[in-house]
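In what follows, a single structure is set out as structure tokens and then discussed.
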Protein chains: 2
Amino acid sequence: MTKKGKEELDLTTEQKIKEAAIRVFTKKGYGNARTRDIAEEAGINLALLNYYFRSKEKLFDIVMAERIEKLFGVLAPVLFDATTSLEEKLDRIVENYITMLIEHPELPIFVLSEMRSNPGDMANRLQARKLLTDSIFIKQLADKRKDINPVHFLMNILGMTLFPFIGKPVLETLLGGGDEAYMAMMEERKKLIPRWVKLMLNES
Amino acid sequence: MTKKGKEELDLTTEQKIKEAAIRVFTKKGYGNARTRDIAEEAGINLALLNYYFRSKEKLFDIVMAERIEKLFGVLAPVLFDATTSLEEKLDRIVENYITMLIEHPELPIFVLSEMRSNPGDMANRLQARKLLTDSIFIKQLADKRKDINPVHFLMNILGMTLFPFIGKPVLETLLGGGDEAYMAMMEERKKLIPRWVKLMLNES
DNA sequence: AAACATTTTAATCAATTGATTAATAAAACT
DNA sequence: AGTTTTATTAATCAATTGATTAAAATGTTT
């Protein structure tokens with residue numbers, strides 16, 4: 001394996017394939033994506049796909065791991081930050097998520113819909129439970145509101161933040177005005193969602 | 001076409017195929033579902049699938065139309081009801097949705113993920129915009145809070161209600177305790193979500 | 001029962017698709 | 001330069017898969 005010194009503008013073949021795979025898998029899902037689609041999208045010969053990655057499934061696993069990291073990587077650093085308050089964390093989570101999702105609107109539906117097929121397998125890879133037991137966020141929440149179940153609380157934040165991207169095809173039609181109007185609305189939500197969540201937090 | 005008089009316990013072949021198709025398509029999605037899977041699930045010969053429905057795609061369209069109706073049919077009757085208050089409507093929407101989704105947890109992820117592939121096509125079939133222009137719900141909301149964008153408001157209700165089912169694989173791992181514990185939590189949300197939404201509604 | 005229509009089956013087709021192979025081109029090494 | 005390794009291509013394979021066909025079975029009508 002000879003790493004050429006040309007990482008100027010154009011990518012290596014391996015990178016081209018992986019990035020094409022990300023686009024095609026994300027758009028069509030595993031079952032609807034053809035390896036030929038990926039090869040064409042990458043502008044390479046079909047055999048090269050199997051030369052660099054052993055099979056469609058192996059390539060998919062790599063893509064999926066990256067996508068999962070992108071989707072949930074937003075969350076952990078904020079939740080474990082010891083230097084910010086609970087309310088600041090709310091602001092950051094929503095702000096970070098929406099900023100990222102405006103760039104990658106199809107990310108949540110892709111990850112969550114592919115997860116339904118391989119249940120358990122990937123959910124574990126996230127070490128999701130550590131989040132509940134170890135995170136500063138959960139401690140801060142328990143400190144302020146012993147009566148609020150943190151899982152309910154997370155469902156609300158993530159639901160209000162992620163769902164508009166998952167339901168985009170429907171909600172965009174509902175709203176009218178096309179993609180620009182929709183994304184403008186997502187920008188609004190960066191400020192609105194934290195306000196609403198803080199209402200729950202300060203409820204009598 | 002001879003309609004036999006035996007709709008006692010067992011279904012007609014056509015019904016058996018359709019119901020098997022609902023199960024298989026909902027679980028695996030269009031691309032990952034094989035017509036042979038459906039035939040086997042229905043306990044019939046593969047050729048019968050093409051005899052009753054012309055093709056996999058035609059069968060899928062029928063299944064999809066039914067699933068869309070199931071997912072959004074919950075909403076319209078409540079939103080257009082002239083006899084209930086805004087707050088009563090909130091209670092009903094959440095209650096109806098969660099009750100239905102406990103029976104069909106994979107419904108939202110199926111419909112929304114398949115919609116991403118056929119964008120526009122099905123979104124229109126919902127006549128979603130009528131909901132914004134004609135529904136009593138929207139009128140009542142505008143009456144109470146001119147400053148709240150009804151689309152934001154709907155995103156919040158649907159996000160908090162539907163998202164826990166869409167993200168079930170992850171959130172269930174987070175919670176621990178398996179399916180029963182998770183569904184118990186969904187029952188709790190029937191009362192909690194309306195309370196939270198009413199906070200937004202009565203915010204200063 | 002005979003004739004006809006409908007339903008079901010087993011076998012097969014043709015196209016798609018993931019993967020491999022053998023040959024060629026390009027790059028790296030000595 | 002010559003040799004070996006790495007990268008790329010065109011052609012092809014074998015399995016899967018949606019769909020069809022021709023025959024058999026079942027049901028209906030007269």
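What you see is a predicted model, and the numbers here were worked out from it, not measured in a lab. So you know, we letter chains A, B, ... as the sequences are listed, proteins then strands, and number each from 1.
Using a 4.0 Å cut-off, no side-chain N or O of R54(A) falls inside it from OP1 or OP2 of dA19(C). Taking side-chain N and O atoms only, T35(B) has no distance below 4.0 Å to OP1 or OP2 of dT17(D). The side chain of T13(B) places an N or O atom within less than 4.0 Å of a non-bridging phosphate oxygen (OP1 or OP2) of dT8(C). Between dA10(D) and N45(A), a contact under 4.0 Å exists linking OP1 or OP2 to a side-chain N or O.
Looking at the side chain of Y51(A), the nearest of the listed nucleotides dT8(C), dT8(D), dA19(C) is dT8(D). Among the nucleotides dT20(D), dA19(C), dT8(C), the one closest to any side-chain atom of K56(A) is dA19(C). Among the nucleotides dA19(C), dT9(C), dT8(D), the one closest to the side chain of L48(B) is dT9(C). Distances were taken from every side-chain heavy atom of N50(B) (C-beta onward) to each of dG18(C), dT9(D), dT20(D); the shortest belongs to dT20(D).
Residue L49(A) contributes atom CG, which lies 9 Å from atom C1' of dG18(C) at whole-angstrom precision. Distance CG (L59(A)) to P (dT17(C)): 17 Å, rounded to an integer number of Å. The CD atom of Q15(B) sits 16 Å away from the C1' atom of dT7(C) (whole-angstrom rounding). One interatomic measurement links the two molecules: CZ of R34(B) to C1' of dG18(D), which rounds to 10 Å at whole-angstrom precision. The CD-C1' distance, from E40(B) to dT8(C), rounds to 18 Å in whole Å. Here the C1' atom of nucleotide dA15(C) and the CD atom of E57(B) are 16 Å apart, to the nearest Å. dG18(C) atom P lies 16 Å from atom CZ of F53(A), rounded to whole Å.
Between R92(B) and E95(B) there is no salt bridge, since no side-chain N of the basic residue sits under 4.0 Å from a carboxylate O of the acidic one. K18(B) has a carboxylate O that lies under 4.0 Å from a charged side-chain N of E66(B), or vice versa, which qualifies the two as a salt bridge. Salt-bridge annotation for K198(A) and D91(A): present, with a side-chain N of the basic residue lying under 4.0 Å from a carboxylate O of the acidic one.
Residues T84(A) and K89(A) have side chains that bring a donor and an acceptor to within less than 3.5 angstrom of each other. Checked by atom type, the side-chain pair K130(B)/S135(B) shows no donor-acceptor distance below 3.5 Å. Of the N and O atoms on the side chains of R189(A) and N156(B), at least one donor lies less than 3.5 Å from an acceptor on the other residue.
For K191(B), the NZ atom sits in a loose shell: 12 or fewer heavy atoms of surrounding residues, nucleotides or ligands are nearer than 6.0 Å.
On a pure distance criterion of 3.5 Å, a polar donor-acceptor pair joins the side chain of R36(A) and the base of dG18(C).
When all heavy atoms of P105(B) and M183(B) are compared, the pair lying nearest together is CG-CE, 3.9 Å.
Among the atoms of the strands shown, base atoms are found under 4.0 Å from some heavy atom of L46(A). Backbone-only engagement by A33(A) is indicated by non-hydrogen atom pairs under 4.0 Å involving sugar-phosphate atoms exclusively.
The stretch residues 18-32 of chain B has no heavy atom under 4.0 Å from DNA chain C, so no residue of it qualifies as close.
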